[in-house]
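Each remark here refers to the structure printed beneath this line.
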Amino acid sequence: MAAASLAFVLRGRADASARRAVAARIDLELKRVAFQAQNIADQRPDLALLLAAEAYRRRPDTTSEGALEAVLATMRAPTSFVSLDLPAGFPRIAATPDGRLLVVARGGVALVVDGATLRPTGTRIPVSASPTLALRPDGGELAIVSETGEVRRVDPANGAEVAPIRSVRTLTGLPWGAPAVYLPRGRLAVGDGGDLLVLAARSGDVERTVTTGVEIVSLYRRRNR
């Protein structure tokens with residue numbers, strides 16, 4: 001009995017150490033991204049703004065906030081601002097590549113916004129506190145991954161479900177949903193612990209599973225793919 005209790009305690013300490021190590025690694029990487037954004041702001045302001053915004057989205061602290069302010073100060077194009085009717089909290093954002101459609105989630109509500117006018121379209125979708133969002137490039141589908149691993153796919157026009165709900169493993173020690181990104185032909189790639197699941201466009205069936213051996217915390221799609 002004592003040996004079992006000791007093993008349980010040691011395992012708990014090991015799990016906590018692993019979570020701290022993951023959090024420290026992510027914190028270091030986000031700081032690197034924030035500093036990199038400032039370094040390339042003059043040469044590549046578009047890329048610098050994306051990097052700074054992503055660092056602030058993932059970890060809103062003084063480092064990422066300072067980087068975002070520094071990059072914005074170098075922007076020569078006019079910037080528009082809009083106030084959205086959303087509860088308090090840190091926002092989660094997804095957008096189509098051409099910027100014509102945005103989705104902003106905060107405080108348990110996802111609001112669909114017309115990118116051209118910056119006005120809400122009228123669609124409000126209930127979500128978890130800190131979901132991961134992904135928009136299909138044509139704006140016809142929104143993927144929502146909750147912190148508990150629930151994967152929903154809805155129509156941004158009305159919030160209706162367009163594919164069966166699936167479940168994936170949650171991220172270790174991180175307070176947001178597993179990463180997701182859309183692939184060609186409407187397929188959705190979503191992290192599931194150390195596996196990458198490729199889900200079919202309509203049925204939501206798993207078309208392919210790629211085992212990486214490490215926990216997947218971010219996914220990005222190259223523009224030419």
Side-chain angles (χ1 to χ4, degrees), residues 26 53-60 80-183 186-193 195-206 215-221:
I26 292 175
E54 180 65 13
Y56 184 76
R57 184 176 76 87
R58 293 291 187 180
R59 187 64 59 86
S80 298
F81 296 91
V82 62
S83 178
L84 300 176
D85 179 22
L86 285 172
F90 184 68
R92 314 290 291 180
I93 302 173
T96 56
D98 58 8
R100 65 186 178 87
L101 195 67
L102 308 173
V103 178
V104 182
R106 191 173 66 182
V109 178
L111 191 66
V112 182
V113 178
D114 186 312
T117 64
L118 293 182
R119 295 183 179 278
T121 64
T123 302
R124 298 172 69 93
I125 304 168
V127 296
S128 60
S130 187
T132 291
L133 305 177
L135 264 175
R136 204 170 65 192
D138 65 358
E141 185 176 300
L142 171 68
I144 306 166
V145 187
S146 72
E147 311 91 286
T148 58
E150 182 184 72
V151 182
R152 297 164 53 205
R153 298 164 74 174
V154 303
D155 185 345
N158 52 28
E161 306 282 346
V162 297
I165 296 175
R166 296 196 64 90
S167 294
V168 296
R169 284 170 283 184
T170 58
L171 295 175
T172 303
L174 299 178
W176 55 76
V181 65
Y182 277 94
L183 303 176
R187 297 171 300 163
L188 180 69
V190 59
D192 183 18
D195 295 331
L196 177 66
L197 305 183
V198 178
L199 307 180
R202 295 187 179 181
S203 66
D205 294 338
V206 178
E215 188 174 44
I216 301 171
V217 297
S218 295
L219 287 173
Y220 298 92
R221 176 185 171 187

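Bear in mind the structure is a predicted one, so any value in this text is a computation, not a measurement.
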(message) Once rounded to the nearest 0.5 Å, what's the spacing between atom CD1 of Ile144 and atom CZ of Arg152?
(response) 4.5 Å
(request) Please name the pair of heavy atoms, one in Leu101 and one in Leu135, separated by the smallest distance, quoted to 0.1 Å. (result) O-CD1, 3.7 Å
(message) Checking Thr148 now: which residues fulfil side chain to side chain donor-acceptor pair (under 3.5 Å) with it, not counting sequence neighbours?
(response) Ser146
(message) Are the side chains of Val109 and Val127 in contact, using a 4.5 Å heavy-atom criterion?
(response) no
(message) Which residues pass the side chain to side chain donor-acceptor pair (under 3.5 Å) test with Asp205, not counting sequence neighbours?
(response) Ser203
(message) Just verifying a value: how many Å separate Tyr182 OH and Leu219 CG, rounded to the nearest 0.5 Å?
(response) 13.0 Å
(message) Which residues pass the salt bridge (Lys or Arg N to Asp or Glu O under 4.0 Å) test with Arg136, not counting sequence neighbours?
(response) Asp138, Glu141
(message) Under the rule for side-chain contact (heavy atoms from CB on, under 4.5 Å), what residues qualify as partners of Ala201, not counting sequence neighbours?
(response) none
(request) Under the side-chain contact (heavy atoms from CB on, under 4.5 Å) rule, collect the residues that match up with Ala180, sequence neighbours excluded. (result) Ala134, Val145, Leu188, Val190
(message) Ignoring hydrogens, what is the shortest heavy-atom contact between Ala189 and Leu196? Give both atom names and the distance.
(response) CB-CD1, 4.0 Å
(message) How long is the straight-line distance from CD1 of Ile125 back to CG of Leu111, given to the nearest 0.5 Å?
(response) 9.0 Å
(request) Please identify each residue that fulfils side-chain contact (heavy atoms from CB on, under 4.5 Å) with Ala163, with sequence neighbours left out. (result) Arg153
(request) To the nearest 0.5 Å, tell me how far Glu215 CD sits from Thr170 OG1. (result) 8.0 Å
(message) Test of understanding: with side chain to side chain donor-acceptor pair (under 3.5 Å), list the residues that count as partners of Thr123, not counting sequence neighbours.
(response) none
(request) Mind checking salt bridge (Lys or Arg N to Asp or Glu O under 4.0 Å) for Asp98 and listing every partner two or more places apart, or none if nothing turns up? (result) Arg100
(request) Please name all residues satisfying side-chain contact (heavy atoms from CB on, under 4.5 Å) with Leu102, sequence neighbours left out, ordered by chain then number. (result) Ala95, Val113, Leu118
(message) Given 3.5 Å as the limit, does a donor-acceptor pair link the side chain of Arg187 with the main chain of Val198, or not?
(response) no
(request) State which residues pass side chain to side chain donor-acceptor pair (under 3.5 Å) with Asp195; sequence neighbours excluded, sorted by chain then number. (result) Arg169, Thr211
(request) Considering non-hydrogen atoms only, spot the tightest contact between Gly204 and Leu199 and give its length. (result) O-CD2, 3.8 Å
(request) List the steps and the verdict of side-chain hydrogen bond (donor to acceptor under 3.5 Å, both in side chains) for Ser128 and Glu147. (result) CA-CA 7 Å; Ser128 60; Glu147 311 91 286; 2.4 Å; yes
(request) Scan Val103, Val112, Val162, Asp155 and name whichever one has a side chain to side chain contact (heavy atoms under 4.5 Å, CB included) with Leu142. (result) Val103
(message) Strictly distance-based, threshold 3.5 Å: is any side-chain N or O of Ser130 a donor or acceptor partner for the main-chain N or O of Trp176?
(response) no
(message) Arg202: which residues meet the salt bridge (Lys or Arg N to Asp or Glu O under 4.0 Å) condition with it, sequence neighbours left out?
(response) none
